[in-house]
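See below for the structure under consideration.
Below, each value reflects all heavy atoms present in this structure, side chains not excepted, and no hydrogens, waters or symmetry copies. Chain naming here is simple, since letters A, B, ... match the order of the sequence lines and numbering starts at 1 in each.
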Amino acid sequence: MIELNDISQAVIEGNAKKAKELTLIAIEKNVPPETILHKGLVPGMDVVGQKFKNNEYYVPEVLIAARAMNAALDILRPKLATDAANYKATVVICTVKGDLHDIGKNIAAMMLEGAGFRVIDLGIAVPTEKVVEAVKLNKPAILGLSALLTTTMTNMKDIIEALEKEGLKDSLKVIVGGAPITEEFAKSIGADGYAPDATIGVQIANALIQGIS
Amino acid sequence: MKDSDCVKVTLRPSGATIAATRGKSLLEILTGKGIGIPAICGGKGKCGKCKVRISEAQASVMPTFLECSLLSDREIGLGYRLACQFIVNEDVEVQVSSDNKAESSQSSRLSLELGPSILPAVRKESLSVPKPSVEDQRSDLRRLTDGITVENGRIRRLELLKRLPSFLRENDFTGTVTLYENEIIDLRSKTDNSHILGVAIDIGTTTIAMYLLDLENAIVLDSRSIPNPQSVYGQDVISRIDYAASPNGLTNLKNAIVEGLAKLSRDIISDANVSSEQVYDVSVVGNTTMIHLLLGISPQGIALSPFIPVTAEEMIFEPFEVHLQESFPNAKIYIMQGISAYVGSDLVAGIIRINLENEKGNALLVDLGTNGEIILKSDSGMLAASTAAGPAFEGGHISNGMIAKRGAIDHVWIDGKGKISFSTILNSVTTGICGSGLLDTVAVLLEKGILASSGKLSEDPFVLHNELGAVTITQKDIREVQLAKSAIRAGIEVLLSEAGITYEELDRIFLAGAFGSFVNVSSAVRIGLLPDISTDRILSAGNAAGEGACICLLDRKARDLARALSNKISYVELSGCKRFSEYFINFMTFPKEANS
Ligand code: B1M
């Protein structure tokens, strides 16, 4: 179906107006919203992710593409069946206590959303207790944590310890990301995955949920 | 002097004016006012060191034959002249350049004009008091304080008080009193004619600079700098704060800086053939974290939101309190007032140095470092911000990046034949690329179409090579530049919008910091690091912070100004500022075309 390709293209180009228009046309033609999401938007964001990974796209292009995706999603959301069947899994994401850098986290969230995850973004500088609360409430399969400061990355460890204490750690996988994070650090604090960039974040999330189900 | 014989020389950027007799050389006029202009040949037009830049209107005055032989055509075109050759027949505006090597492509420099009106906090007064008698039984101390001109004179240093009785009697109740404000800090015999010296210190995260001044003649005797010895404990402020939290961390950091200062002071004092005992005043500026570390105060509050320092206030210490008694046994240690956790006294000193407050119109002061500090002066007051650029401009996170030292590619340009050419520091074999070279490269690659405005490099890696060697620039390097330059630019834009002006309304941009002095301003504008204003409105402020600290030694009013400024400047926090994020993303791409 030609519209779906065009919708992907509109996302890749970051053309929000076109993405929105084409989505409306597709709905008019009775294309199921699930199909628009999984065959139109998701493949588009996938290409964006690849281009980002190949260094062809950078932060601005990704954010512009995400804007186009969101313009279409705004129309789709009310029409999508609300049950979890439409999503691969739920991800709760945030920047850790004391860290206000959110651009990397936002990109990671958008890429995950673009890959078909339900993303609950808790925002910036989220205190450890709040993260635990959100995990209890939303029962995510994945928790994404972001830190950009060497002084805040240790708060990731606190979160994982708090989850363990509450007996919640085994019910989910933790992915950590942010410029100062390394593979070794991720291992040392007991995280399940380290995402040096947002695309790898998606790859790891995909791999981890396969392990879960 | 008849009015018609009198011409006005205006110094830029300070705006100070000098009235002079028509027909004298600029060199005579400037040196006559104590403005240090290097003239090694004594004004004979041979050394070319007294290069100054004069205002456009006056630059049409024909250069002399000697000027033509010592200056390049390009320099002459830009208004550079030799002060010794330039005869002032009409009013003229002049920008004094302290860097004789400064190429015309670099921003023009300011130089330290030590004004004639000096009013140091420390000064000498000669003493001659009546000897005690049964009729005059005043205490020694009372006799001393009655004999000096200041009111409420006092001694706080116990050791000095212990010395007082023998000093008075051995010197027949005469001598020289050294005063720091109204406190007597030393006593010398009448025959001791040694001058009062001052030391100015700028503690940067990367470099510490020290200046030795003769406070009686208002001249800088020498200046030196060394890499900050704390660097082994972390490159940036946050890493040092982290380290400070570890066992012994704070002590190690404090000791490192104290030892660094001791080494600098030993060298500078012995090379000047003076004694450390002559130093009575030390003026210290630095970023807020560096000041905490010098004082041995925990800087932890600075690292995390809401970013609360223990102090950013003015403080005056005895040398032993800050462990500087070996370096400066007699001095008072003055710490200049700063603004916030991320806008320190180094910036305040810079503002004082360039006289930003009295700058006409709208002016920006930008310190291009790992943390880019920005001050905007507009009609609605002064705003400050600090933006986290990262270490790219210092070569950090760049594949072949290095600091500006021997062998670093420092300038890159397109030559007459359209070929990409470059120079290295000291013309040595290429060992890497420093910030100024990196910025030039990005500008040149944009010009050549090898780099798209999106930041996509079509040749990855791009190889810069000539007979001095080769250096590669990768796509990732470009991405690092995009982050760094956009963080600075977004900070500038937030302040501009806060003040309700646009960049076109900027009359001046001053660049402070080492990188700011070397960067090619047209490249900085080409890549969008700085707003697109005419490059002759962008000036390098050189070592503004250190020179501001010098001014505080010579003029105690500058200290009042520093306090007033800190209270007057509103700090704009960029963390959590939505507009910042928007600008940051928008300015991450490069301007499509050079608008020249
Ligand atoms: C599934 O979960 C996942 C998966 C993948 C995940 C993930 C989560 N999270 C990240 N990823 C991964 O995917 C993303 C996309 O591929 C990647 O995300 P990144 O976040 O790594 O990359 C982003 C896309 C782009 N990168 C960025 O956005 C960061 C860029 C730089 C310039 C930067 C910025 C922009 C800012 N800053 Co800040 N800042 C710097 C940065 C220096 C630099 N040149 O890098 C850095 C990080 N800052 C620093 C500092 C010191 C600070 N900053 C501060 C403030 C700010 C601004 C507000 C001005 C602004 C943030 C705006 C915002 N809304 O985010 C302060 C602290 C604020 C706080 N408490 O958090 C302040 C303390 C200083 C100050 N002057 O105010 C430094 C940290 C040094 C250290 N040792 O830790 C710094 C390296 C700059 C420097 N000075 O050296 C991956 O890491």
Side-chain angles (χ1 to χ4, degrees), chain A residues 12-14 48 50-68 70 94-107 109-110 121 123-128 146-158 178-182 185 196-199, chain B residues 234-246 289 299-307 387-388 390-391 396-397 451-458 460-461 474-483 486-487 490 528 573-578 580-590:
Chain A
I12 297 166
E13 286 164 9
V48 172
Q50 287 318 312
K51 285 184 183 282
F52 181 58
K53 199 173 167 52
N54 299 337
N55 261 319
E56 211 177 315
Y57 273 13
Y58 198 46
V59 178
E61 293 94 325
V62 172
L63 291 173
I64 291 167
R67 209 177 294 159
N70 276 320
C94 66
T95 78
V96 300
K97 186 176 144 202
D99 209 309
L100 303 164
H101 296 87
D102 66 351
I103 294 163
K105 182 266 296 168
N106 292 346
I107 292 184
M110 285 161 189
D121 188 343
I124 53 173
V126 183
T128 303
S146 181
L148 265 278
L149 296 168
T150 42
T151 34
T152 57
M153 55 194 258
T154 47
N155 295 335
M156 293 177 156
K157 190 171 169 222
D158 294 351
I181 313 297
T182 59
F185 175 79
D197 69 42
T199 343
Chain B
Q235 288 297 314
D236 59 272
V237 162
I238 297 292
S239 326
R240 298 226 188 124
I241 297 178
D242 266 350
Y243 179 74
S246 66
T289 304
Q300 297 309 321
I302 294 174
L304 293 173
S305 173
F307 317 112
T387 173
H397 295 174
L451 181 61
S453 68
S454 69
K456 176 84 184 91
L457 197 55
S458 61
D460 180 19
T474 66
Q475 179 69 66
K476 199 185 146 280
D477 297 340
I478 303 285
R479 299 308 189 193
E480 291 291 338
V481 173
Q482 284 178 272
L483 290 178
S486 188
E573 177 56 62
L574 298 179
S575 295
C577 165
K578 212 163 163 280
F580 175 87
S581 296
E582 281 160 21
Y583 286 125
F584 180 60
I585 289 156
N586 288 340
F587 281 100
M588 227 180 258
T589 54
F590 297 109

Using side-chain heavy atoms (C-beta onward) and a distance below 4.5 Å, is A:Val59 in contact with A:Ile103? yes

Any side-chain heavy-atom pair of B:Leu574 and B:Phe584 under 4.5 Å: no

Closest-packed option against chain A by number of heavy-atom pairs under 4.5 Å, given B:Ser454, B:Gly455, B:Gly576: B:Ser454

Looking at B:Asp236, B:Leu483, B:Ile478, which makes the most heavy-atom pairs under 4.5 Å with chain A? B:Leu483

Which bit of [X] comes within less than 4.5 Å of chain A, counting heavy atoms only: side chain, backbone, both or neither?
{"X": "B:Gln482", "answer": "side chain"}
{"X": "B:Phe307", "answer": "side chain"}
{"X": "B:Leu304", "answer": "side chain"}

Run the side-chain hydrogen bond (donor to acceptor under 3.5 Å, both in side chains) test against A:Thr128 and tell me which residues pass, sequence neighbours left out. none

Other residues, nucleotides, ligands: >12 heavy atoms within 6.0 Å of A:Lys97 NZ: no

Any side-chain donor near an acceptor of the partner, A:Thr150 and B:Asp242, under 3.5 Å: yes

